[in-house]
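See structure below.
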Amino acid sequence: EVNITIKGGDVKGGVYGGSHSWGTINDNVTMNISGGLIEQGAFAATLLTSVDLEKGGNVIGSTTLTSAGAFENCDKLTKIILPSELVTIGNRTFSNCSNLVSITPMFPDTLENFGGDAFKNVKLPEQPLYLKGVKNIGGSAFANQPITALYFGSCLTNIAGGWDKGAFFNCTKLAKV
C-alpha cells in the first residue's frame, strides 16, 4: 500500500498525471490532500485508489473543485471523500473513473454546480440522486449512470442540454425526475 500526503504547496497541472511511479498495478494508492492548489489534470490517469479531500486544499478551493480533469481517467480510483462545504465540482473532475463507487458524502447539501462530464462514465450506486441545493448541471455531467430517480430543490436554474439528452444522457435506469 502506498500513502501520499500533500500538505500545502501547489501541484502543477500534469505533474503526476499519467505517472505510474507510485507502485505497481496491484498497489493501493491513497492520497490525503491538505492545503495548496491542484491544477488541471494534476492526477489524471494515475493509479490512485482513494482520495481524501475533506482535509482541505484548493483542489476544491476549500469549496470549489474547479481543476478540470484533476482526477480524470483514474480507473483504479474507488473512493473519494469530498469536503462537507463543497460548492462546485468542475469539468471532467472525475470523468472516466470507471471504478469509482464510493463518494462520501454522496453530494453535500452545499453543492451548487457540476461541470460538464464531471462524473461521466463513473459507476455511481444504483439509487436515487438527491441534488437539493444544485443550481447548475453541465452537459453530460452524469452521463451513463445507473441513477434510478432525480430529486432537485427549488434552486435549480440550468441543466445543460436538458435532463434526458444532456446532463443525464444515457441514464437508462432513470424512471423518475
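Owing to the predicted nature of the structure, the values given are computational and were not obtained by experimental measurement.
Classified by interplanar angle (parallel below 30°, tilted 30° to 60°, perpendicular above 60°), the ring pair Phe71/Phe43 is parallel. Ring orientation note: the planes of Phe107 and Phe119 are nearly perpendicular, at an angle over 60° on the 30°/60° scale.
Checking side-chain atoms of Thr49 against main-chain N and O of Lys76 turns up no donor-acceptor pair under 3.5 Å. When atom types are taken as modelled, the side chain of Asn99 and the backbone of Asp75 share a donor-acceptor pair closer than 3.5 angstrom.
When every heavy atom of Asn91 is checked against every heavy atom of Gly116, the shortest pair comes out as OD1-N, 2.7 Å. Across every non-hydrogen atom of Ala44 and Gly69, the tightest pair is CB-O, 3.7 Å. Annotation for Gly90 and Ala118: closest pair O-CB, 3.7 Å, computed over non-hydrogen atoms.
Screening Asn121, Asn96, Thr46 against Asn73 for a side-chain hydrogen bond (donor to acceptor under 3.5 Å, both in side chains) leaves a single residue, Asn96.
Sorted by first and then second residue, the salt bridge (Lys or Arg N to Asp or Glu O under 4.0 Å) pairs with a member in residues 136-152 form an empty list; sequence neighbours excluded. Residue pairs meeting the salt bridge (Lys or Arg N to Asp or Glu O under 4.0 Å) criterion with at least one member in residues 145-161: none, sequence neighbours excluded. Residue pairs satisfying the side-chain hydrogen bond (donor to acceptor under 3.5 Å, both in side chains) criterion with at least one member in residues 100-111, sequence neighbours excluded, are absent.
Expressed to the nearest 0.5 Å, how far CD1 of Ile80 lies from CD1 of Ile89 amounts to 6.5 Å. Atoms CE and CG, on Met106 and Leu111 in that order, are 11.0 Å from each other to the nearest 0.5 Å.
Looking at residues two or more places apart in sequence or on another chain, you find no side chain to side chain donor-acceptor pair (under 3.5 Å) involving Gln145. Annotation: side chain to side chain donor-acceptor pair (under 3.5 Å) contacts of Ser154 (sequence neighbours excluded): none.
In the hydrophobic cluster analysis, where Ile, Leu, Val, Met, Phe, Trp and Tyr join through side-chain heavy atoms closer than 4.5 angstrom, Leu77 is grouped together with Ile103. One hydrophobic cluster, built from ILVMFWY side chains closer than 4.5 Å, cannot hold both Val101 and Phe94; they sit in different ones. In the hydrophobic clustering of ILVMFWY residues, with side-chain heavy atoms under 4.5 Å counting as a link, Phe152 and Leu86 come out together. No continuous path of hydrophobic side-chain contacts links Ile159 to Tyr151 [ILVMFWY only; heavy atoms under 4.5 Å].
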Could you pull out all donor-acceptor pairs under 3.5 Å where a side-chain atom in residues 122-140 meets a protein atom, sequence neighbours excluded?
| residue | atom | partner | partner atom | Å |
| --- | --- | --- | --- | --- |
| Glu126 | OE1 | Lys173 | NZ | 3.4 |
| Asn136 | OD1 | Thr157 | OG1 | 3.4 |
| Asn136 | ND2 | Asn113 | OD1 | 2.9 |

